[in-house]
Number of protein chains: 2
Amino acid sequence: MAANSNEIVVGIDVGGTNTKFGLVDSAGNILDEGRIKTTDYTTVELFVDALYENISPLIKKHGDKTVKGIGMGAPNGNFYTGCIDHAPNLPWGKDEVPLAKLMTEKFDLPCILTNDANAAAAGEMQYGIAKGMQHFIEITLGTGVGSGIVVNGSLLYGCNGIAGELGHTIIRPGGRKHWSTGSRGSVEAYCSATGIVITAKEQLKKKAYPDSKLREFKVDDITAKVVNECALKGDKLAQRVYSLTGRILGEALANFVMFSSPQAIVLFGGVIKAGDYLLKPAKKHMELNLLPAFRERVKLLLSDLKEADAAILGASSLVQKSKATKAVHPV
Amino acid sequence: MAANSNEIVVGIDVGGTNTKFGLVDSAGNILDEGRIKTTDYTTVELFVDALYENISPLIKKHGDKTVKGIGMGAPNGNFYTGCIDHAPNLPWGKDEVPLAKLMTEKFDLPCILTNDANAAAAGEMQYGIAKGMQHFIEITLGTGVGSGIVVNGSLLYGCNGIAGELGHTIIRPGGRKHWSTGSRGSVEAYCSATGIVITAKEQLKKKAYPDSKLREFKVDDITAKVVNECALKGDKLAQRVYSLTGRILGEALANFVMFSSPQAIVLFGGVIKAGDYLLKPAKKHMELNLLPAFRERVKLLLSDLKEADAAILGASSLVQKSKATKAVHPV
């Protein structure tokens, strides 16, 4: 579909704490934006009402433009059904919530829903470093580890809309127990911000690096941000945390590459601020674990989307790219 | 494309030892078949000449039919390029060999090449237990472990035609060294016939099961077939080999499921003769390692194609399903 300069899309990123929204034009400019607190609403109906109250004035303000639809990224958002499937971290997400349908009824606009990592991948493909790529995997390294897999220029949804849960694949069988799923040795257990803090605390219990700056913090004050800042200042223990994390990430990436043979892996999210302390071991151990036919062929890239904008852009790009499909919940 | 009863396809399965071929009609009947010894030919040109000498009389015999094309499955066969990429177990496969092009030039017929596991998946989708499925993963458990991944009704090839090397994904980091790739802890290192023999020999070194029938064999005479026969006769050590193998297979399958969310995993090849001794632990450990959203949703199936026919049918189905694409090497 050719870009239409008069068309805009509503992009909405539903997070566990905040929900951000924006009006996005076909070139990827955010014309207006805002946010509400997700946790302020106890039912999905109240949440949708609040979105309507906050977004419809923005739509009126840009009344000379045509609103093509609403794109939403949300934890456990299912592209096929338009429902949020049992999202434990949303106050009203406990059951199967038909969010896309409710949005369409309220706004009188078609709505596409997907999970947040898929939305990030869609944004990367439309506006980011993966522009023009037909095959790539987006790995979001934040509080958790998410993934969006692009195959033949489209997001991979599988038979039921929930494909691409690479953060929950097991890379250390019998290893670290996941705080929420209870599984042992998942990628998320090690490579998320939460996992990095656990690794840091494990390392602090050892005797190596007695002079580490991390030892000056109370254990409960150690966050991924603190570990990152110490690593960037040259702290060897903090750097070791990233080399351990990067090794596990790299091994997992090798497995992903041998599944779908992408042109690139794109890393996104707060954890990538560690830069080469994470990237170098990740690249090294990815290559080490690949079959020769795959080696030195896959780019390992950092997202170049601004984190604050990426979620809104990603959600909006779902609609920008859409043709009429069953996944669009029509008016 | 509607089935045309007057159209036939040449299906060819190139193996390390034998190359089997057959003429297949649009209903999946093998009208005529034959084989040559792959190892008898030192160059690919001699190999193609021998195929021509053996197959063209069969084509003449069915001169009332139209030959639509040639479908070939071969180790390291690349669907995009029509080349065999560095197949160490083929006498003339050391470099990049343009097999599809050479076949087309010799036979004056379009030719589609893919790797052997992809061909098996294509056959399963056209004629086997995966008929009508849009999303499934075929795992071939033979001397090695191969895979063909079907997404949205099509084989997944990735950016360069080599996607789907799930046998080489790592499931036991730092584990058993692979005899050929040198990687540690790959699925193939444990779940192939070769891996099963190694596991059996490891178990025989332990003191458990002193009365095992496997102890009556010379170590060098223990094959996967022997382990299988002993397990089926009730031998506890042989059964333990399958429960160890099934556990690792199941853990790997959970990772694959969380990648592409298939309707089913279809297992194929000699190793599946162990039946429930392999399947039950595989199913159990697959379910144990899946996120709740995936549990009890994915069928674990055994291929119902006759192994002797499957490779020819699979290769032929590449052409039966094909539309005009860049991967068809036209006359």
Side-chain angles (χ1 to χ4, degrees), chain A residues 76 78 85-86 88 133-137 147 149-152 154 156-175 178 180-187 247-248 251-252 254-264 285 288-294 297-298, chain B residues 76 78 85-86 88 133-137 147 149-152 154 156-175 178 180-187 247-248 251-252 254-264 285 288-294 297-298:
Chain A
N76 297 29
N78 187 316
D85 297 343
H86 307 94
M133 284 190 197
Q134 295 291 301
H135 298 267
F136 73 96
I137 300 176
S147 61
I149 302 161
V150 171
V151 161
N152 296 321
S154 297
L156 176 60
Y157 285 112
C159 73
N160 51 5
I162 62 172
E165 286 289 356
L166 301 184
H168 296 286
T169 59
I170 305 299
I171 190 66
R172 286 282 181 275
H178 190 286
S180 154
T181 68
S183 74
R184 290 205 167 267
S186 69
V187 176
R247 176 183 182 141
I248 293 175
E251 291 175 5
N255 283 354
F256 306 159
V257 166
M258 292 190 283
F259 198 106
S260 68
S261 199
Q263 294 156 269
H285 289 277
L288 273 174
N289 285 282
L290 285 172
L291 273 189
F294 293 89
R297 284 186 170 186
V298 185
Chain B
N76 298 28
N78 187 316
D85 296 344
H86 307 93
M133 285 190 195
Q134 294 291 300
H135 297 268
F136 72 97
I137 301 176
S147 61
I149 301 161
V150 172
V151 162
N152 297 321
S154 297
L156 176 60
Y157 284 112
C159 73
N160 51 5
I162 61 172
E165 287 289 356
L166 301 184
H168 295 287
T169 59
I170 304 301
I171 190 66
R172 286 284 182 274
H178 190 286
S180 154
T181 67
S183 75
R184 289 205 168 267
S186 70
V187 176
R247 176 183 181 141
I248 293 174
E251 291 174 5
N255 282 354
F256 306 159
V257 165
M258 291 191 283
F259 198 105
S260 69
S261 199
Q263 293 155 271
H285 289 277
L288 272 174
N289 284 281
L290 284 172
L291 273 189
F294 292 89
R297 286 186 170 186
V298 185

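Quantities reported herein were computed from a predicted structural model and do not represent experimental measurements. Below, chain A is the first sequence line, B the second, and so on; all start at residue 1.
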B/I162 versus chain A, the contacting section by heavy-atom distance below 4.5 Å = both
The interface call for A/I137 against chain B, heavy-atom contacts under 4.5 Å, is side chain
Measure the OH-CG distance between A/Y157 and B/N152 for me, rounded to the nearest 0.5 Å.
-> 11.0 Å
Sort B/A293 into side chain, backbone, both or neither according to what part of it lies under 4.5 angstrom from a heavy atom of chain A.
-> both
For B/H168, is it the side chain, the backbone, both, or neither that has a heavy atom closer than 4.5 Å to a heavy atom of chain A?
-> both
Partners of A/T169 by side chain to side chain contact (heavy atoms under 4.5 Å, CB included), sequence neighbours excluded?
-> A/L166, A/V187, A/F256, B/N255, B/M258
Between A/H178, A/Q134, A/R297, which has the largest tally of heavy atom pairs under 4.5 Å with chain B?
-> A/R297
Measure the spacing between OG of A/S147 and CZ of B/F259 and express it to the nearest 0.5 Å.
-> 7.5 Å
For B/T181, is it the side chain, the backbone, both or neither that has a heavy atom under 4.5 Å from a heavy atom of chain A?
-> side chain
Select one option (side chain, backbone, both, neither) describing which atoms of B/L290 are under 4.5 Å from chain A's heavy atoms.
-> neither
Mind checking whether B/N289 and A/S183 have side chains closer than 4.5 Å, heavy atoms only?
-> no
When every non-hydrogen atom of B/E251 is compared with those of A/P173, the smallest separation belongs to OE1-CB, 3.8 Å
Part of B/L291 within contact of chain A (heavy atom distance under 4.5 Å) | side chain
What one should report as the nearest heavy-atom pair of B/C159 and A/Q263 is CB-CG, 3.5 Å
